[in-house]
Amino acid sequence: MSSTDKPGDTEYRPTSSTPAQAAAGVDYFKFDVILRFLLFAASLVSVVVIVTGNETKFLPLPRPAKFRYSPAFVYFVAALSVAGLYSIITTLASLYAIKNPALKAKLLLYFILWDVLILGIIASATGTAGGVAYVGLKGNKHVNWGKICNVYDKFCRHVGASVAVALFGSIVTVVLIWLSAYSLHSRVPK
């Protein structure tokens with residue numbers, strides 16, 4: 001007769017991790033706080049750069065170039081302002097979760113859902129502003145839209161820099177989603 005405890009079989013060996021450790025999962029909330037702060041910084045810099053990019057040229061009469069003259073740029077500023085506010089709120093929630101570990105799993109799920117929504121908003125605004133900026137840079141000969149960046153160079157540089165920083169914010173948001181999903185996945189008992 002043989003015993004049910006088989007010392008040579010790895011299936012019956014006790015593992016070093018207890019179920020409490022497996023349920024705790026991997027904790028990346030400190031990285032989460034850093035990435036959310038980066039998202040705030042990218043949103044803030046992007047909004048400030050495009051808002052301060054006003055330029056006036058005298059083409060017999062004064063002709064200003066401002067972000068508020070284009071609906072795409074207004075949407076861009078509004079979307080990145082929402083993303084900045086969202087990043088402040090979720091940074092505070094992440095800091096609270098570090099102090100109260102019982103809320104981490106629930107917050108991770110909420111973070112994934114809301115981060116995906118914010119990513120959609122940031123990406124659509126960045127694409128819209130980038131498309132308008134490209135037409136300003138290159139023009140469109142098929143519909144007789146002339147390029148304007150040869151005249152309003154400072155304004156175009158501001159718009160291009162703002163779109164580039166917003167693209168960085170989109171990438172940060174993707175990394176936040178991956179981090180939250182991986183952290184939530186590691187909390188599932190195996």
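Only this structure's heavy atoms are used, side chains among them; waters, hydrogens and symmetry mates stay out. The first residue of the sequence shown is numbered 1, and numbering continues consecutively from there.
Side chain of Lys154 to backbone of Asn54: a donor-acceptor contact under 3.5 angstrom is found. With hydrogens and angles ignored, the 3.5 Å screen pairs no side-chain donor or acceptor of Ser46 with any backbone N or O of Ser43. No donor-acceptor pair closer than 3.5 Å links the side chain of Ser180 to the backbone N or O of Ile177. Between the side chain of Ser183 and the backbone N or O of Leu179 there is no donor-acceptor pair closer than 3.5 Å.
Aromatic ring pairs are classed by plane angle as parallel below 30°, tilted from 30° to 60° and perpendicular above 60°; the pair Phe73 and Phe155 is perpendicular.
Closest approach of Ala42 to Phe168, counting heavy atoms only: CB-CD2, 4.0 Å. When all heavy atoms are compared, the tightest approach of Ala166 to Leu80 is CB-CD1, 3.7 Å. Shown here for Ile121 and Tyr75, the closest heavy-atom pair between the two residues is O-OH, 3.8 Å. Closest non-hydrogen pair, Thr126 versus Leu167, comes out as CG2-N, 4.1 Å. Pairing each heavy atom of Arg187 with each of Ala105, the nearest pair is CD-CB, 4.2 Å. For the pair Val33 and Ser94, the tightest heavy-atom approach, listed with the atom from each and the gap, is CG2-CB, 3.5 Å.
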So Tyr182 and Tyr28, side-chain contact (heavy atoms from CB on, under 4.5 Å) or not? Walk me through it. CA-CA 9 Å; Tyr182 179 75; Tyr28 290 117; 3.6 Å; yes
What verdict does the side-chain contact (heavy atoms from CB on, under 4.5 Å) test give for Arg63 and Val151, after you've listed the backbone C-alpha separation in whole Å, the side-chain angles of each residue and the deciding distance to 0.1 Å? CA-CA 11 Å; Arg63 301 283 311 232; Val151 177; over 6 Å; no
Derivation of the side-chain contact (heavy atoms from CB on, under 4.5 Å) call for Ile50 and Val163: CA-CA 9 Å; Ile50 197 167; Val163 168; 6.0 Å; no
Candidate pair Leu108 and Phe29, rule side-chain contact (heavy atoms from CB on, under 4.5 Å), full reasoning: CA-CA 9 Å; Leu108 283 171; Phe29 269 87; 3.9 Å; yes
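Within 6.0 Å of CZ in Phe37 there are 12 or fewer heavy atoms belonging to other residues, nucleotides or ligands. The environment of NZ in Lys30 is sparse: at most 12 heavy-atom neighbours from other residues, nucleotides or ligands sit within 6.0 Å.
Note: Trp178 CH2 to Leu35 CG = 12.0 Å, rounded to the nearest 0.5 Å. Annotation: the span from Ile171 atom CD1 to Leu38 atom CG amounts to 12.0 Å, rounded to 0.5 Å. Going from atom CG of Asp32 over to atom CG of Leu95 covers 9.5 Å, rounded to the nearest 0.5 Å. Residue Phe40 holds its CZ atom at 8.5 Å from OG1 of Thr91, rounded to the nearest 0.5 Å. Ile148 contributes atom CD1, which lies 11.0 Å from atom CG of Asp153 (distance to the nearest 0.5 angstrom).
In the hydrophobic clustering of ILVMFWY residues, with side-chain heavy atoms under 4.5 Å counting as a link, Phe67 and Leu137 come out apart. Neither Val45 nor Ile122 shares a network with the other; the hydrophobic side chains, linked directly or stepwise wherever heavy atoms of I, L, V, M, F, W or Y lie under 4.5 Å apart, form separate groups for each. If you chain together hydrophobic residues whose side chains sit under 4.5 Å apart, Ile34 and Ile88 never meet in one group. Cluster annotation: Phe31 is connected to Val175 through the hydrophobic network of ILVMFWY side chains, with a link wherever side-chain heavy atoms come within less than 4.5 Å. Leu109 and Leu107 fall within a single hydrophobic cluster, where Ile, Leu, Val, Met, Phe, Trp and Tyr side chains are chained together by heavy-atom contacts under 4.5 Å.
Looking at heavy atoms from C-beta onward, Leu176 lies out of side-chain contact with Thr90 at the 4.5 angstrom threshold. Using a 4.5 Å cut-off on side-chain heavy atoms (C-beta onward), Phe76 and Ser70 make no contact. Contact of the Leu117 side chain with the Trp114 side chain is registered, since non-hydrogen atoms from C-beta on lie closer than 4.5 Å. Using a 4.5 Å heavy-atom cutoff, the side chains of Glu55 and His158 are not in contact. The side-chain heavy atoms of Ser81 and Val77, taken from C-beta on, include a pair separated by under 4.5 Å. Within the 4.5 Å cutoff, no side-chain heavy atoms of Val165 are placed close to those of Val49. In this structure, Arg36 and Asp115 have side chains that are in contact, with non-hydrogen atoms separated by less than 4.5 Å.
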